[in-house]
J.: 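If you scroll down you'll find the structure; I have some questions about it.
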Amino acid sequence: GAGVSQSPSNKVTEKGKDVELRCDPISGHTALYWYRQSLGQGLEFLIYFQGNSAPDKSGLPSDRFSAERTGGSVSTLTIQRTQQEDSAVYLCASSLLGQGLGEQYFGPGTRLTVT
Amino acid sequence: QQPVQSPQAVILREGEDAVINCSSSKALYSVHWYRQKHGEAPVFLMILLKGGEQKGHDKISASFNEKKQQSSLYLTASQLSYSGTYFCGTEGVRGSARQLTFGSGTQLTVLP
């Protein structure tokens, strides 16, 4: 059906507040990825899910970042006690095959601004 | 480890050719190429698997030399629509998992 969707599209929050970013992958895609892209920069890998489990959490910048995926579908990325350096576009992608083997379909991203 | 892309930016005229290079210091299983237009999400172009194969997508093709851990993206007779940032993603092993790591991107601008 539809592509990868993310919500909200934009989020402005005050420093120190918690935020939740949501990703709805393409139906049937077992693999889900979160990336962060700062202005004019590349794609920074955060975490990868295969089904509901996360075999690779190595990219999470600090313990303020966490993510979960339920029902092998929707995923939520939570950032606690946000800092200004967390400001970026957070991109979610899904693929039919896991472990980076397949074509990744990206969502439109959530632009997070921490004031 | 992040692959290195070169050049960082390139400007060319419509109809000209360009080459974007991607190299890694680690052994690779595959290389992926994506294009991101300004304000949009990255879009998949192609995957190259081990074997030194070349793949094509319209007038965009790529090669992968796994011995040298390098890949090159070739844009032939460039069109205005080719403008954007091109990212290579290299698939390697991190711990027990295979992971795709993206380069910092090459900004391509095609002028009329």
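Just so we're on the same page: letters track the sequence lines, and every chain starts at 1.
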J.: Looking only at heavy atoms, what is the nearest atom pair of Tyr34(B) and Gln104(A), with distance?
T.: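 Closest approach of Tyr34(B) to Gln104(A), heavy atoms only: OH-N, 2.8 Å.
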
J.: Are Phe65(A) and Phe45(A) connected into the same hydrophobic cluster when the rule is that any two of I, L, V, M, F, W, Y join if their side-chain heavy atoms are below 4.5 Å apart?
T.: no

J.: A quick test of your reading: do over 12 heavy atoms of other residues, nucleotides or ligands sit less than 6.0 Å from CD of Glu85(A)?
T.: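 Count over threshold, so yes.
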
J.: If we ignore hydrogens and angles and just use 3.5 Å, is the side chain of Tyr33(A) paired with the main-chain N or O of Leu100(B) as donor and acceptor?
T.: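 Checking the backbone N and O of Leu100(B) against the side chain of Tyr33(A), no donor-acceptor pair under 3.5 Å is found.
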
J.: Could you tell me whether Lys15(A) atom NZ has more than 12 heavy atoms of other residues or ligands within 6.0 Å of it?
T.: no

J.: Are Leu108(B) and Met46(B) connected in a single hydrophobic cluster, I mean Ile/Leu/Val/Met/Phe/Trp/Tyr linked by side-chain heavy atoms less than 4.5 Å apart?
T.: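 Hydrophobic grouping puts Met46(B) with Leu108(B).
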
J.: Check each atom of Gln107(B) against the heavy atoms of chain A and say whether the ones under 4.5 Å are side chain, backbone, both or neither.
T.: neither

J.: Could you look at Tyr35(A) and say if it's the side chain, the backbone, both or neither that has a heavy atom under 4.5 Å from chain B?
T.: side chain

J.: For Glu44(A), is it the side chain, the backbone, both or neither that has a heavy atom under 4.5 Å from a heavy atom of chain B?
T.: neither

J.: Please report the closest heavy-atom contact between Ala41(B) and Phe106(A), naming both atoms and the distance.
T.: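 Ala41(B) and Phe106(A) have their closest heavy atoms at CB-CB, 3.8 Å.
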
J.: Quick check: is Leu80(B) connected to Leu111(B) through a chain of hydrophobic side chains (ILVMFWY, heavy atoms under 4.5 Å apart)?
T.: no

J.: Side chain, backbone, both or neither: which part of Leu91(A) has an atom under 4.5 Å from a heavy atom of chain B?
T.: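 When you check distances to chain B, only side chain atoms of Leu91(A) fall under 4.5 Å.
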
J.: If hydrophobic clusters are built by linking Ile, Leu, Val, Met, Phe, Trp and Tyr wherever their side-chain heavy atoms come under 4.5 Å apart, do Val114(A) and Leu60(A) end up in the same one?
T.: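 Linked, Val114(A) and Leu60(A) end up in one cluster.
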
J.: Can you check whether Gln36(B) reaches Gln37(A) side chain to side chain, under 4.5 Å on heavy atoms?
T.: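 Touching, per the 4.5 Å side-chain cut-off.
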
